[in-house]
S.K.: 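Take a look at this one; I'll ask things after.
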Amino acid sequence: MKDSSPDRKPRVRFAPSPTGHLHVGGARTALFNWLFARRHGGSFILRIEDSDLKRSDPALSRRILEELGWLGLDWDEGPSYQSERFARYRELAERLRDRGLAYREDSPGGGRALIYRVPEGEVEFRDLVYGPITVSTAEIKDIVLIKSDGAPAYNFACAVDDHDMKVDHVIRGDDHLPNTPKQILLWRALEWEPPSFAHLPLILGPDRAPLSKRHGAASVDAFRRDGFLPSGLRNYLALLGWSPGDDREVLATEELIAEFSLERVIKRAAIFDYRKLEWINSQHLRRLPPARQAELLGEYLKAEEGLERADRRLLTAVAEVMGERTRTLRDFSVKGGYFFRDDFEYDPEATARHWKGAATAELLSRLKTVFAGCERFTAEELEKALRSLVEEMGVKGGEVIHPLRVALTGMSVSPGIFETMTVLGRERVLARLDRALTRIKENGGSGEDATVPSQ
RNA sequence: GGCCCCAUCGUCUAGUGGUUAGGACACAGGCCUUUCAAGCCUGCAGCACGGGUUCGACUCCCGUUGGGGUCACCA
């Protein structure tokens, strides 16, 4: 019986190298570590692998920390930095050399490296995801411990740190599978008991190549800018390579934590599906009360767009009517930008389809009179008023509603027209009717732009 | 190329010897309807191939093909 449940509170870590934004692959690795720690009441530790002197950039480290924070993956210890522990690595490497397990080698470029001599034999271990794995050390070249510039090489620093931080479960991408035997060799040479390992399948792009920028958004930052919610991204990422075992797809983070187990991690690489992410996100968005949506929307619009009209009252009203029609926070401005700005453009196709010159001008001015006369500007009253005008004119509701929608939103698509009006309020509705009227007259009564795409 | 890993609808997945192979996204159609969504209903679509083992294979074994990873004084 395979059982990856730890008998004591596990200690796991996420160890990114500060070379760029937090990539979705890294985010997923961080998430699985975090879920595992939270599930078992353990510790999630953060370590910055900045041992490469040339590529280290403190600004990038901060960025990764910030993005991890946005994703909601809080850490219990750290971050620690490898760049601050060079003396420790050197000491341990020298100790191995004293014992005859490592040797020095001059570098053509100057300096001396310390290299571990790989013994003959086999390395066996049981990966918590992949099962038993055996590798002949004939396949492994001697392992560099300390590079000639004095910095520790990856495998050595990694083993030393994991030991010193008392990490007992190493959960990482399966691109590290080939490193594992090397690190186990190092742990044993240091006379330490190796931790458990669990390797996660990689995330691929639609072309089955490793997911990268050229596939579109590939970093946590990009998804944040696209208006995704941390909980939506967490949910989707959790489903990449793992499933709760039943048919649930939309899971709150508490459920993710309650259900997570390494045994249910799949071995096959998964292709990132942006559409499904959007759907998952829409489900999370929908589960949020309008007030909370408004709060997030306000922050988003402020950070990503330069919206002028964005008071809490308006935001909440927009959230109430747009909530079912959006999949991301960005959708609110893409599909409902007219709620936030009065100088919107009129969609040429919409005007061509629903505005019929003088007749529409006549219609809109009658509507203006009717709406101006409404006692209370509520959806019920507005509909009643419009319906009676429709009856009086002997036309179908749509013949009035469509031109009106274009006048109020510039688009042929919007939330229910009466709700839209109440969100905008009497003043803005009447002003927009005037603006539309002016626009129609400017166009010689045609109500259309000079060039109308014919279809 | 050596070594390692993987293989269920287009995609994410459930499945652990006997199932009409289930769900979700996407897609198509329908209902609803002032538009678009949402919601509900229906449909389309899969066990890569070839050998075994077995009374019986999606499930176990071998091979083929395909895909991925890795072979740095980068992490």
S.K.: Report the residues that fulfil side chain to side chain contact (heavy atoms under 4.5 Å, CB included) with A:Ala319, sequence neighbours left out, ordered by chain and then residue number.
M.R.: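 Here the qualifying residues are A:Pro290, A:Gln293.
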S.K.: Can you tell me how far C1' in B:rC4 sits from the matching atom in B:rU20, rounded to whole Å?
M.R.: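 Roughly 40 Å separates the two C1' atoms.
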S.K.: Just checking A:Ser282: base, sugar-phosphate only, or nothing, at a heavy-atom cut-off of under 4.0 Å?
M.R.: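 Nothing: the residue A:Ser282, judged by heavy atoms under 4.0 Å, touches no strand.
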S.K.: Once you round it to whole Å, what is the distance between P of B:rU11 and CD1 of A:Ile203?
M.R.: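 The answer, rounded to whole Å, is 16 Å.
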S.K.: I need the single residue from A:Phe272, A:Phe223, A:Phe228 that forms a ring-ring contact (aromatic ring centres under 6.0 Å, His included) with A:Tyr236. Which is it?
M.R.: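 The residue from A:Phe272, A:Phe223, A:Phe228 that satisfies ring-ring contact (aromatic ring centres under 6.0 Å, His included) with A:Tyr236 turns out to be A:Phe272.
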S.K.: Does A:Arg264 make a side-chain N or O approach to OP1 or OP2 of B:rG15 shorter than 4.0 Å?
M.R.: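 For B:rG15, OP1/OP2 do have a side-chain N/O of A:Arg264 under 4.0 Å.
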S.K.: At 4.0 Å (heavy atoms only), tell me whether A:Arg268 reaches a base, stays on the sugar-phosphate, or touches nothing.
M.R.: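 Contact class for A:Arg268: base.
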S.K.: Donor-acceptor pair under 3.5 Å: do we get one between A:Asn179's side chain and the base of B:rA75?
M.R.: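 Flag set: donor-acceptor pair detected.
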S.K.: When the P atoms of B:rC5 and B:rG63 are considered, how many whole Å apart are they?
M.R.: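 Pairwise P distance, B:rC5 against B:rG63, rounds to 12 Å.
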S.K.: Could you check whether A:Glu249 gets within reach of a base, just the sugar-phosphate, or nothing at all, counting any heavy atom under 4.0 Å?
M.R.: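 Here A:Glu249 touches the bases of the nucleic acid.
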S.K.: Determine, for A:Arg327 against A:Asp331, whether the closest basic-nitrogen to carboxylate-oxygen distance falls under 4.0 angstrom.
M.R.: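 No salt bridge links A:Arg327 with A:Asp331.
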S.K.: Which value, in whole Å, describes the distance between the C1' atoms of nucleotides B:rA21 and B:rA28?
M.R.: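 Comparing C1' positions in B:rA21 and B:rA28 gives a spacing of 23 Å.
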S.K.: Are any of A:Gln283's side-chain N or O atoms less than 4.0 Å away from OP1 or OP2 of B:rG39?
M.R.: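 Indeed, a polar side-chain atom of A:Gln283 lies that close.
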S.K.: So A:Ile266, base contact, sugar-phosphate only, or nothing? Heavy-atom distance under 4.0 Å.
M.R.: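 Sugar-phosphate, backbone atoms only, no base.
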S.K.: Hey, does A:Ser148 reach any base, or is it just sugar-phosphate, or nothing, if we go heavy atoms under 4.0 Å?
M.R.: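 Base: the residue A:Ser148, judged by heavy atoms under 4.0 Å, touches a nucleobase.
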S.K.: Assign A:Leu240 to base, sugar-phosphate, or nothing according to its heavy-atom contacts below 4.0 angstrom with the strands shown.
M.R.: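 Sugar-phosphate only.
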S.K.: Base of B:rC36, side chain of A:Arg325 - is there a donor-acceptor contact under 3.5 Å?
M.R.: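 It does, because a donor-acceptor pair links the side chain of A:Arg325 to the base of B:rC36 below 3.5 Å.
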S.K.: Once you round it to whole Å, what is the distance between C1' of B:rA38 and NZ of A:Lys335?
M.R.: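 One finds 11 Å between C1' of B:rA38 and NZ of A:Lys335, rounded.
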S.K.: Just name whichever nucleotide pairs with B:rU53, Watson-Crick or G-U, keeping both distances under 3.5 Å, else none.
M.R.: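 Partner of B:rU53: none.
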S.K.: Are OP1 or OP2 of B:rA14 and a side-chain N or O of A:Ser243 less than 4.0 angstrom apart?
M.R.: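 Checking A:Ser243 against B:rA14: at least one side-chain N or O falls below 4.0 Å of OP1 or OP2.
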S.K.: Are A:Arg47 and A:Glu77 ion-paired here, with the side-chain N under 4.0 Å from a carboxylate O?
M.R.: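 Between A:Glu77 and A:Arg47 there is no salt bridge, as every charged N stays at least 4.0 Å from the carboxylate O atoms.
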S.K.: Tell me the partner of B:rA21, counting only Watson-Crick (N1-N3 plus N6-O4 or O6-N4) or G-U wobble (N1-O2 and O6-N3) with both under 3.5 Å; none if nothing fits.
M.R.: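 B:rA21 is paired with nothing.
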S.K.: Base, sugar-phosphate, or nothing: which does A:Ala113 touch, judged by heavy atoms less than 4.0 Å apart?
M.R.: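 A:Ala113: base contact, heavy atoms under 4.0 Å.
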S.K.: Scan nucleotides 32-34 of chain B against the protein and return all N/O pairs shorter than 3.5 Å with their distances rounded to 0.1 Å.
M.R.:
residue, atom, partner, partner atom, Å
B:rU34, O2', A:His402, NE2, 3.4
B:rU34, O2, A:Arg405, NH2, 2.6
B:rU34, N3, A:Ile417, N, 3.4

S.K.: Take A:Asp164 and A:Arg88 through the test salt bridge (Lys or Arg N to Asp or Glu O under 4.0 Å) and record every step on the way to the result.
M.R.: CA-CA 10 Å; A:Asp164 288 359; A:Arg88 170 65 170 162; 2.8 Å; yes
S.K.: Rounding to an integer number of angstrom, what distance separates B:rG67 and B:rA72 when you compare their P atoms?
M.R.: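 Comparing P positions in B:rG67 and B:rA72 gives a spacing of 24 Å.
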S.K.: Could you check whether A:Asp106 gets within reach of a base, just the sugar-phosphate, or nothing at all, counting any heavy atom under 4.0 Å?
M.R.: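 Base, at least one base heavy atom under 4.0 Å.
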S.K.: B:rC5 phosphate, OP1 or OP2: any side-chain N/O from A:Lys267 under 4.0 angstrom?
M.R.: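 No, no such contact exists.
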S.K.: Charged N to carboxylate O below 4.0 Å: is that the case for A:Glu392 and A:Arg366?
M.R.: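 Salt bridge present between A:Glu392 and A:Arg366.
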S.K.: Using the C1' atom on both, measure B:rC41 against B:rG46 and round to a whole Å.
M.R.: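 It comes out at 23 Å once rounded to the nearest Å.
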S.K.: Considering every strand and a 4.0 Å limit on heavy-atom distances, what is the contact class for A:Arg112: base, sugar-phosphate, or nothing?
M.R.: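 Here A:Arg112 touches no strand at all.
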S.K.: Take atom CD1 of A:Ile271 and atom P of B:rG10, then tell me their distance rounded to the nearest Å.
M.R.: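 In whole Å, B:rG10 P lies 11 Å from A:Ile271 CD1.
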S.K.: Look at the rings of A:Phe14 and A:Phe44 and say which category their plane angle falls in: under 30° parallel, 30 to 60° tilted, over 60° perpendicular.
M.R.: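 The rings of A:Phe14 and A:Phe44 lie parallel, inter-plane angle below 30°.
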S.K.: Can you measure A:Tyr274 atom OH to B:rA24 atom C1' for me and round it to whole angstrom units?
M.R.: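 From A:Tyr274 OH to B:rA24 C1': 19 Å.
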S.K.: For B:rC44 versus B:rA24, give the span between their C1' atoms, rounded off to a whole number of Å.
M.R.: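 Taking atom C1' in both B:rC44 and B:rA24, they lie 15 Å apart.
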S.K.: Is the distance from the ring center of A:Phe32 to that of A:Trp242 below 6.0 Å?
M.R.: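 When the ring centroids of A:Phe32 and A:Trp242 are compared, they turn out to be at least 6.0 Å apart.
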S.K.: Can you tell me the base-pairing partner of B:rU70? Count Watson-Crick or G-U wobble geometry only, both distances below 3.5 Å, and say none if there is no partner.
M.R.: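 The base-pairing partner of B:rU70, which may sit in any strand shown, is B:rG2.
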S.K.: So, are A:Glu278 and A:Lys276 salt-bridged, with charged N and O less than 4.0 Å apart?
M.R.: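 Not counted as a salt bridge, because no side-chain N and carboxylate O are separated by less than 4.0 Å.
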S.K.: How many Å lie between CE on A:Met411 and P on B:rA37, as a whole number?
M.R.: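 A:Met411 atom CE is separated from B:rA37 atom P by 12 Å.
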S.K.: For A:Asp50 and A:Arg85: C-alpha separation, side-chain torsions, deciding distance, then whether salt bridge (Lys or Arg N to Asp or Glu O under 4.0 Å) applies.
M.R.: CA-CA 10 Å; A:Asp50 59 350; A:Arg85 292 167 42 77; over 6 Å; no
S.K.: Atom CG of A:Asp162 to atom P of B:rA75: distance rounded to whole Å?
M.R.: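 Value for this atom pair: 15 Å.
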S.K.: From CZ of A:Phe156 over to P of B:rA72, roughly how many Å is that when rounded to an integer?
M.R.: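 So the CZ-P distance, A:Phe156 to B:rA72, works out to 20 Å.
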S.K.: With a non-hydrogen cut-off below 4.0 angstrom, is A:Arg286 in contact with a base, only sugar-phosphate, or nothing?
M.R.: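 If one applies the 4.0 Å heavy-atom cut-off, A:Arg286 turns out to touch the sugar-phosphate alone, with no base involved.
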S.K.: Work out how far the P atom of B:rG18 is from that of B:rC61, and round it to whole angstrom.
M.R.: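 Each nucleotide's P atom is 16 Å from the other's.
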S.K.: Does A:Lys141 put a side-chain nitrogen or oxygen below 4.0 Å from OP1 or OP2 of B:rC71?
M.R.: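 For B:rC71, neither OP1 nor OP2 has a side-chain N or O of A:Lys141 closer than 4.0 Å.
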S.K.: Check whether any side-chain N or O of A:Arg208 sits under 4.0 Å from OP1 or OP2 of B:rA7, and answer yes or no.
M.R.: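 Checking A:Arg208 against B:rA7: no side-chain N or O falls below 4.0 Å of OP1 or OP2.
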S.K.: Provide the distance between the two C1' atoms, one in B:rA45 and one in B:rA37, to the nearest whole Å.
M.R.: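 Taking atom C1' in both B:rA45 and B:rA37, they lie 26 Å apart.
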S.K.: Can we say A:Glu380 and A:Lys384 salt-bridge, meaning some charged N sits less than 4.0 Å from an Asp/Glu carboxylate O?
M.R.: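 Not counted as a salt bridge, because no side-chain N and carboxylate O are separated by less than 4.0 Å.
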S.K.: B:rA26 base to A:Lys276 side chain: any donor-acceptor pair below 3.5 Å?
M.R.: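 No pair found.
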S.K.: Over how many whole Å does the gap from A:Phe14 atom CZ to B:rA75 atom P extend?
M.R.: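 It is 16 Å, rounded to the nearest whole Å.
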S.K.: By nearest heavy atom, map A:Thr134 and A:Gly245 onto RNA chain B; which one lands nearer the 5' end?
M.R.: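 The 5'-side residue here is A:Thr134.
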